[in-house]
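Step one of this worksheet: look at the structure below.
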Amino acid sequence: MKGYEPRSSSSCAACKFLKRRCIPNCIFAPYFRADECKKFAKVHKVFGASNVSKILIEVPEEQREETVNSLAYEADARLRDPVYGCIGAIALLQRKMIELQHDLAIAKDRLARCAAAAAATPSSSSFSNDMSNSNVSLPPFPEFYSCSDFNDNFSHSSSSQSFSRNETGDDFLQIPYIF
C-alpha cells in the first residue's frame, strides 16, 4: 500500500479496545500504549472515544500528553465517585488540610504555654500541674455542609440559605463533605 508505514509494535490500546485496525497516524497511539488497555477503557467509558479524539485534535501537540493524563485521572475519579469525581477527592484533601492546620495550631499553642510555664517556674512539678489545668482556646472548627444541606439548597430555591461564595473566595470550603 502506498504511504503505509508498518508499525514496529502492535496496535495501540485504543484500537485494541475498539477492535479496529490501528493506522500509522492514529491519534491515540502515542498516548495509549498497547499495554495500557485499562487506562483507555476508563477514559472511553467516561468520555467516549469520539470525544477524546476531538479533544486531542483541538489540543496543541505539546500538551496532548498532559491532556491524556488529566482525562485518565478524571475518568478514574469519576468511576470511583460518579457524583463528585475529582472534586470529591479535592474536598477530602481540603478538609484533611484544615484538620491538620487546626491540630498544628493546638500544638503550637501548647508549646507556647509550655515555654511560658517553663520560663516562669523552674520547678518541674509545678509545670506539670499548670499544663494539666490549661485550656486551649482556639476559634471553632469550620463548618462544612452535609449532604442534606447540599440537597436542601438545590431543592428549595426559595430558601433563605443560599449556596454562595464565601467572603474569602475559597470555593472548596463550599463543597459538601461526603466521605
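Sequence positions, counted from 1, serve as the residue numbers for this chain.
Listed for the R78 side chain is a donor-acceptor partner under 3.5 Å among the backbone atoms of V83.
Cluster membership for V68 and L79, using ILVMFWY side-chain heavy atoms within less than 4.5 angstrom, is shared. Tracing side-chain contacts under 4.5 Å through hydrophobic residues (I, L, V, M, F, W, Y), one never reaches L71 starting from I87; they form parts of separate clusters.
C15 approaches R21 most closely through the heavy-atom pair SG-O, 4.2 Å. The heavy-atom pair separating A77 from C86 by the smallest distance is CB-N, 3.6 Å. Here the closest non-hydrogen pair linking F28 and A49 is CZ-O, 3.5 Å. Counting all heavy atoms, side chain and backbone alike, S53 lies closest to I27 at CB-CG2, 4.0 Å. Residue Y73 comes nearest to A89 through the heavy atom pair OH-CB, 4.3 Å, listed as atom of the first residue, atom of the second, then distance.
Atom CG in L104 sits 11.0 Å away from atom CG in D109 (nearest 0.5 Å). How far CZ of R95 is from CG of L92: 9.0 Å, rounded to the nearest 0.5 Å. Distance check: C26 SG to F32 CZ gives 10.0 Å after rounding to the nearest 0.5 Å.
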Which side-chain N or O atoms in residues 56-66 pair as donor and acceptor under 3.5 Å with protein atoms at least two apart or in another chain?
{"from": "R64", "atom 1": "NE", "to": "L56", "atom 2": "O", "distance (Å)": "2.7"}
{"from": "R64", "atom 1": "NE", "to": "V59", "atom 2": "O", "distance (Å)": "3.1"}
{"from": "R64", "atom 1": "NH2", "to": "L56", "atom 2": "O", "distance (Å)": "3.2"}

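Listed by chain and number, the residues in a side-chain contact (heavy atoms from CB on, under 4.5 Å) with S70 amount to none (sequence neighbours excluded). Checked against side-chain contact (heavy atoms from CB on, under 4.5 Å), K54 has the following partners two or more places apart in sequence or in another chain: S50, N51. Partners of R33 according to the salt bridge (charged side-chain N to carboxylate O under 4.0 Å, His left out) rule, which considers only residues two or more places apart in sequence or in another chain, are D35, E36. Under the side-chain hydrogen bond (donor to acceptor under 3.5 Å, both in side chains) criterion, K42 pairs with D76, sequence neighbours left out.
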Practice task
For the pair E99 and H102, evaluate side chain to side chain contact (heavy atoms under 4.5 Å, CB included) and give the outcome as yes or no after the intermediate values.
Solution key: CA-CA 5 Å; E99 289 173 359; H102 191 261; 5.6 Å; no

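Screening residues 42-71 for ring-ring contact (aromatic ring centres under 6.0 Å, His included) gives F17-H44, F40-H44 as the qualifying pairs, with residues at least two apart or on separate chains.
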